[in-house]
Amino acid sequence: MKPVAGIIGGGVVGAHIALALAKRFSVYLIEKNLRLGQETSTRNSGVLHAGIYYPSESLKARFCVEGNALSREFFSKYAVPFKPTGKYIIARDETEEAELERLFENALRNGVPDMQHVSMKKFRNTFPFIQAHSAIFSGSTGIIDAADYMNTLAALLDRNDVEVLKPCAALGIASGPKIETDRGTLEADVVINAAGLYADEMAKSAGLFDYDIIPLKGDYLGTRSFALDVPIYPLPNHTHGTLGLHLTPTFSPEVLIGPSEALCSRKDDYTIRTPFEMFYASLKNTFAPSFLPKIELYEGYSGNRPRAYYKGKRCEDFTIIEHPSGVMHLIGIESPGLTSAPAIARHVASLIR
Ligand SMILES: Cc1cc2nc3c(=O)[nH]c(=O)nc-3n(C[C@H](O)[C@H](O)[C@H](O)COP(=O)(O)OP(=O)(O)OC[C@H]3O[C@@H](n4cnc5c(N)ncnc54)[C@H](O)[C@@H]3O)c2cc1C
């Protein structure tokens, strides 16, 4: 008989961990919603990040670079829709130059492949509607169809004999370890808390009291007023430590604009609340002045970043911590978590004997 692993949370991270453990354990994946990946895993920009932004020694940098490569292998093996678009990051005027260069250097330090400085003549010819002073290009960035990705993971879990319990809400983690759920108790040899926005609540039930998740809401608008086949990002937003309001192509003619940033009190608030005027104001420096009035925006969707705090101080990095023995918590798996998921799973599986 194999030992039992109980995983709370059927997002992209929990699903990859379940697959990584499926040979060694009888795996139970507990998901409170009807389908896998209905929360943050499908409410994001759908960008396979390269690893440009994060401090070199961070888990984010390591797992993003590794996760980018592992995800590409996964997408090609299981035919998940993926476009290797690359991405531009732009400096909008001279004052932003130094930071753009700092990002470029940081990407090289992190081992990000295929980084390039861009000829502005060519850039302006291709994107006459964008205002940019200079730009860098990341060739290893791409876009993913996150819903299709989750469907593929669901089918693989089934093929690998993972017992997916859904809808089934974990109520807490008790000593043993065991998971109390609204459908009874699961006795396990190891428990993994991959509950995304709710990972703090599961952690507290296991005696890890000092982590809190306060969602940082991100709204997206859509537009079809222009065509775009490469994501275009401004420099990061330092107020909230996010990547800034970017333009992202999709698998349809729609271009996504977002995500905005607002601390929000409810983890399940997915109503678009950012006024359209705020989007137009943020885009004023990105688009050529004559072009902006031609852009027609409509409501897209919203996602909540699982922003974690330890004793009130923001956790800049992913937190992966065992407490008590046999119970692993993944807290604050915000961006680049979609990209990092297979690398996080490989790491967690290596910690579990
Ligand atoms: C606006 C936004 C943009 C982003 N853009 C990108 C991007 O472009 N690229 C990128 O790499 N990353 C991006 N991210 C980050 C990425 O989406 C997340 O890091 C990733 O989806 C986290 O996956 P997860 O499985 O940890 O969490 P989730 O997807 O939230 O999964 C957790 C699951 O746990 C379940 N759950 C919670 N509590 C319980 C319970 N008590 N019982 C049972 N089930 C429970 C939930 O229902 C949920 O399905 C973005 C995030 C946001 C919000």
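Counting starts at 1 for both ligands and their atoms, in listed order. Heavy atoms only: backbone and side chains are in, while hydrogens, waters and symmetry mates are out. The structure displayed is predicted, hence computed values, not measured ones.
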Kindly check if the number of other-residue, nucleotide or ligand heavy atoms within 6.0 Å of [atom1] ([X]) is above 12?
X	atom1	value
K2	NZ	yes
R224	CZ	yes
D269	CG	yes

Face-on cation placement of K32 at Y198 ring, 6.0 Å and 45° thresholds: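 Yes, K32 sits over the ring of Y198.
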Interatomic distance, L243 atom CG to S45 atom OG [nearest 0.5 angstrom]: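 Rounded to the nearest 0.5 Å, the CG-OG separation comes out at 8.0 Å.
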Supply the atom-to-atom distance I333 CD1 to T319 OG1, rounded to the nearest 0.5 angstrom.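 The CD1 atom of I333 sits 7.0 Å away from the OG1 atom of T319.
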Counting only heavy atoms, which portion of [X] has something under 4.0 Å from ligand 1: side chain, backbone, both, or neither?
X	value
E201	neither
S340	neither
L330	neither

Quick one: nearest non-hydrogen protein atom to [atom], plus distance?
atom	value
atom 27 (O) of ligand 1	G196 CA, 3.8 Å
atom 18 (C) of ligand 1	I333 O, 3.5 Å
atom 13 (C) of ligand 1	S335 OG, 3.5 Å
atom 37 (C) of ligand 1	A195 O, 3.2 Å
atom 31 (O) of ligand 1	G11 CA, 3.3 Å
atom 30 (O) of ligand 1	T40 OG1, 3.4 Å
atom 34 (O) of ligand 1	G9 CA, 3.1 Å
atom 52 (C) of ligand 1	R43 O, 3.8 Å

What are the atoms of ligand 1, with element, lying closer than 4.0 Å to any heavy atom of [X]?
X	answer
G46	8 (O)
E39	30 (O), 46 (C), 47 (O), 48 (C)
A169	42 (N)
Y220	1 (C), 2 (C), 3 (C)
I30	43 (C), 44 (N)
P336	10 (C), 11 (O), 12 (N)
N304	53 (C)
Y198	37 (C), 38 (N)

Please check if the side chain of [X] supplies one atom and the backbone of [Y] the other of a donor-acceptor pair under 3.5 Å.
X	Y	result
T42	A147	no
T223	E296	yes
N106	Y54	yes
T339	H49	yes
N193	M202	no

Ring-plane angle category for F226 and F291, please: parallel below 30°, perpendicular beyond 60°, tilted otherwise.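 Perpendicular.
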Quick one: sort the F127 and F123 rings into parallel, tilted or perpendicular, breaks at 30° and 60°.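 Taking F123 first and then F127, their aromatic rings sit tilted (interplane angle of 30° to 60°).
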Pick from [options]: the one approaching [atom] most closely through a non-hydrogen atom:
atom	options	answer
atom 51 (C) of ligand 1	V47, N44, L34	N44
atom 32 (C) of ligand 1	S302, G14, G218, A194	A194
atom 21 (O) of ligand 1	S41, G172, P231	S41
atom 48 (C) of ligand 1	K60, E31, K267	E31

Using the ring centroid of each side chain, check whether F82 and Y149 are separated by less than 6.0 Å.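 No: the rings miss the under 6.0 Å criterion.
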Are Y78 and F74, when compared by the centres of their aromatic rings, separated by less than 6.0 Å?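 Y78 vs F74: aromatic centres under 6.0 Å.
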Work out whether the distance between some heavy atom of C64 and some atom of ligand 1 is less than 4.0 Å.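 So C64 does not count as touching ligand 1.
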Take every heavy atom of H49, measure it against each atom of ligand 1, and state whether any distance is under 4.0 Å.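 Yes, H49 has a heavy atom closer than 4.0 Å to ligand 1.
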Determine, for K204 against E201, whether the closest basic-nitrogen to carboxylate-oxygen distance falls under 4.0 angstrom.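 Result for this pair is no, no salt bridge flagged.
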SB check E73 K77 (cutoff 4.0 Å):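 No, no charged N to carboxylate O under 4.0 Å.
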Will you find, in the side chains of H133 and E97, an N or O donor that is under 3.5 Å from an N or O acceptor?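 Short answer, yes.
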Ligand 1 N/O within reach of [X] N/O, cut-off under 3.5 Å:
X	answer
K32	yes
N33	yes
A170	yes
R305	no
L338	yes
S45	yes
V13	yes
T339	yes
M202	no
V12	yes

Scan R43, R307, R305 and name whichever one has a salt bridge (charged side-chain N to carboxylate O under 4.0 Å, His left out) with E334.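 Testing each of R43, R307, R305 against E334, the sole residue satisfying salt bridge (charged side-chain N to carboxylate O under 4.0 Å, His left out) is R307.
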Option among R72, R346, K60 that satisfies the salt bridge (charged side-chain N to carboxylate O under 4.0 Å, His left out) test with E66: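 Testing E66 for a salt bridge (charged side-chain N to carboxylate O under 4.0 Å, His left out) against R72, R346, K60 leaves exactly one candidate, R346.
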